[in-house]
Amino acid sequence: MMSLLLQHIELALLIPLLGGIMVLLFHDRPKLRETSSLLAGILLILYVTQLLEHYTEPTSIHTLLNISASLSIAFHLEPLGLVFALLAAALWFITTVYSIGYMNGNAEKNLTRFYLFFSLAIAATMGIAFAANLFTLFIFYEALTLSTYPLVTHKQTAEAKSGGRVYLGLLLGTSIMFFLTALVITWIQADTLNFEPGGVLAGNTDGVAALLLFTLFMVGIGKAALLPFFRWLPAAMVAPTPVSALLHAVAVVKAGVFSVLKISVYIFGIDYLAAQDASTWILWLAVATMVIASVIALSKDNLKARLAYSTISQLAYIVIGAALAWPAAAMGGALHIVTHAFGKITLFFCAGAIYTATKLTQVSQLNGLGHRMPFTFTAYLLAAFSVIGLPPFVGAWSKWLLIEGSMDTQHYIVLLAFALSTLLNCAYLLPIGLRAFFKPPDPSQAAAGPGIQEAPLACLIPLCATAAGTLLLFFYVQPIYDFLYPVFNP
């Protein structure tokens, strides 16, 4: 069964691509167009679940296109990629449901283009998840940038086009200048770009050269949003909220930090990183990013902007997990991809639901709104608790492992930075929910009338489902941990 699935691993890319083709075919029939997207999402979940259920050990490489003896577009199955693929597939389906409610509720235009590029973005994400070498990863990394650009500029306003230019310029600029350079150096030094357990660089480069190479990779992966290349993420908030959810939880930033972990584990190797001190500069850069982004988030009154800077801070947690070069910390980073995804997608869903129901965008406008939108703001608080890392929410597990890794490696300054960041998480996330439930409503809300006035069910059901996920996954995280364990403890 596994052999058969591996022979057709391209299905992970083809399913969303076929969904996009169906969207084009039904461009003038909205219900069939939306149904096509939903069916593609269901098929992708089923396919990736089958891969997961029949997986036993890392598979041989399945080559799609040979360019030279050491350069190819190829795929393989390994635990980290499978977890990322299933996460992206599941949240793509949920985000598609949410998009139907949001885009129709706000009378958005050009929906065929929207759903088409949504599908292309997930196809690129699947390519990243199953990439068997750096070249394949790079190709689909760039494809993801290009396919999400039309989503960022969806509204076609001057502000959207400006945000899109920043988005495209920074992501393409960092990847071509730094990521591609690091890829070529690795190819020359190791004579291979394949992802291998334990890495491929031991005996091929060391000392300062290893440190510089790791630094090139990490700043070249602009989607991880490290200083000073994080400006693209707030700029992209001009996009509709479902796109923001895609950027922050399903595809773009998670593809970035997934690439960070993949390269750390399979190109460098955790033991090699530690032995060469190759991740030292990136560790401190990530710590600075984590704290500075949290402070900036605290100053933002626009809800989506506050959540965007929160994402930058949380991504740094995952980079720190890799840069600590310790199995527990790297495991914490991998789990944080999952835990943060459920928390942050819920927060953005809530922001979109608030806008759909009230057209409010500023934190200072939300006083008393929890009585009109109790489901939305309850979901918001559950997700906020998870992002902060409070038990019994799933975010507590990944933060615990990151803290454990900091202590094991005696990086006590990193430990203090985690504590400070957690306090800042509380300061910029919790007041939003508290003011919605405990402050008196603004007079401007009186015209809305009494009673519950939530966003459409297609918005409300997804945000309640992902909020429930932050609680339920706390009790079911062990299978994910066990599945990923061999990656970081070979």
Side-chain angles (χ1 to χ4, degrees), residues 11-49 86-126 147-157 160 239-247 249-251 345-346 348-359 373 375-376 379 452-469:
L11 281 174
L13 285 73
L14 288 175
I15 289 169
L17 289 177
L18 290 173
I21 292 171
M22 297 300 289
V23 164
L24 285 176
L25 290 176
F26 295 123
H27 66 93
D28 56 349
R29 303 179 71 178
K31 290 191 181 301
L32 287 176
R33 179 183 61 205
E34 293 164 358
T35 301
S36 298
S37 291
L38 291 172
L39 285 176
I42 292 170
L43 287 174
L44 185 59
I45 292 171
L46 292 174
Y47 177 69
V48 177
T49 301
L86 184 59
L87 176 72
L91 293 184
W92 176 41
F93 173 75
I94 294 172
T95 306
T96 301
V97 176
Y98 180 87
S99 298
I100 292 168
Y102 180 93
M103 302 301 277
N104 292 332
N106 289 286
E108 294 281 356
K109 298 177 181 178
N110 300 314
L111 296 187
T112 296
R113 183 182 67 200
F114 174 85
Y115 289 113
L116 170 63
F117 282 100
F118 223 77
S119 298
L120 294 179
I122 293 302
T125 303
M126 291 297 114
S147 61
T148 48
Y149 171 74
L151 296 172
V152 172
T153 59
H154 177 81
K155 291 181 181 292
Q156 292 295 296
T157 61
T241 300
V243 178
S244 301
L246 175 79
L247 295 175
V250 183
I345 201 169
T346 305
F348 271 103
F349 281 172
C350 291
I354 292 165
Y355 177 77
T356 301
T358 67
K359 297 299 180 281
M373 304 182 70
F375 294 102
T376 296
I452 294 176
Q453 299 175 33
E454 293 276 7
L457 278 177
C459 289
L460 197 61
I461 291 173
L463 67 87
C464 288
T466 53

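Computed from a predicted structure; not experimentally measured.
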| said: As an exercise, state the distance from CG of Leu116 to OG1 of Thr112, rounded to the nearest 0.5 Å. | reply: 8.5 Å

| task | Sequence neighbours left out, what pairs pass salt bridge (charged side-chain N to carboxylate O under 4.0 Å, His left out) with at least one residue falling in residues 31-45? | result | none

| note | Tightest non-hydrogen contact, residues Ala357 and Gln453, listed as CB-O, 3.8 Å

| request: Report yes or no: does Thr157 contribute a side-chain atom to a donor-acceptor pair with the main-chain N or O of Ala160 at less than 3.5 Å? | output: yes

| Would Thr95 and Phe349 satisfy side-chain contact (heavy atoms from CB on, under 4.5 Å), going step by step from the backbone distance to the final call? | CA-CA 9 Å; Thr95 306; Phe349 281 172; 3.8 Å; yes

| request: Could you pull out the closest heavy-atom pair between Pro462 and Cys459, with the gap in Å? | output: CD-O, 3.3 Å

| What closest approach, in Å, do Ser244 and Ala239 show between heavy atoms, and which atom pair accounts for it? | OG-O, 3.9 Å

| field | Leu111 side chain near Asn104 side chain, heavy-atom distance below 4.5 Å | value | yes

| task | Identify the heavy atoms of Ala12 and Met126 that sit nearest to each other, and give their distance. | result | O-CG, 3.1 Å

| task | May I ask you to decide if Pro242's main-chain N or O and Tyr102's side chain share a donor-acceptor pair within less than 3.5 Å? | result | no

| With Phe114, which residues qualify under ring pair (Phe, Tyr, Trp, His ring centres under 6.0 Å), at least two apart? | Phe118, His154

| request: With sequence neighbours left out, write down each residue that passes side-chain hydrogen bond (donor to acceptor under 3.5 Å, both in side chains) with Thr356, or none if nothing qualifies. | output: Asn106

| field | Heavy-atom side-chain proximity of Leu38 to Ile100 below 4.5 angstrom | value | yes

| query | Are any non-hydrogen side-chain atoms of Tyr98 and Ile345 less than 4.5 angstrom apart? | reply | no

| note | Those residues at least two apart in sequence (or on a different chain) that pass side-chain hydrogen bond (donor to acceptor under 3.5 Å, both in side chains) with Thr346 are Thr466

| task | To the nearest 0.5 Å, tell me how far Thr241 OG1 sits from Met103 CE. | result | 9.5 Å

| note | So CG of Leu43 and CZ of Phe93: to nearest 0.5 Å the spacing works out to 10.5 Å

| request: State the CD1-OG distance between Ile122 and Ser147, to the nearest 0.5 angstrom. | output: 8.5 Å

| message | Just so I know, are the side chains of Trp92 and Leu44 near enough to count as touching, which here means a heavy-atom distance under 4.5 Å? | response | yes

| query | Which pairs count as salt bridge (charged side-chain N to carboxylate O under 4.0 Å, His left out) when at least one residue sits in residues 103-118, sequence neighbours excluded? | reply | Glu108-Lys155

| query | At their closest point, which heavy atom of Pro456 faces which heavy atom of Gly101, and how far apart are they? | reply | CG-O, 4.3 Å

| request: Output the distance between atom CG (Leu18) and atom CG (Leu25), rounded to the nearest 0.5 Å. | output: 10.5 Å

| query | Partners of Glu454 by side chain to side chain contact (heavy atoms under 4.5 Å, CB included), sequence neighbours excluded? | reply | Met373, Pro374, Phe375, Thr376, Ile452, Leu460

| remark: Tightest non-hydrogen contact, residues Ile15 and Ala40, listed as CG2-O, 3.3 Å

| field | Reported CG-to-CG distance for the pair Leu11 and Leu46, which is rounded to 0.5 angstrom | value | 12.5 Å

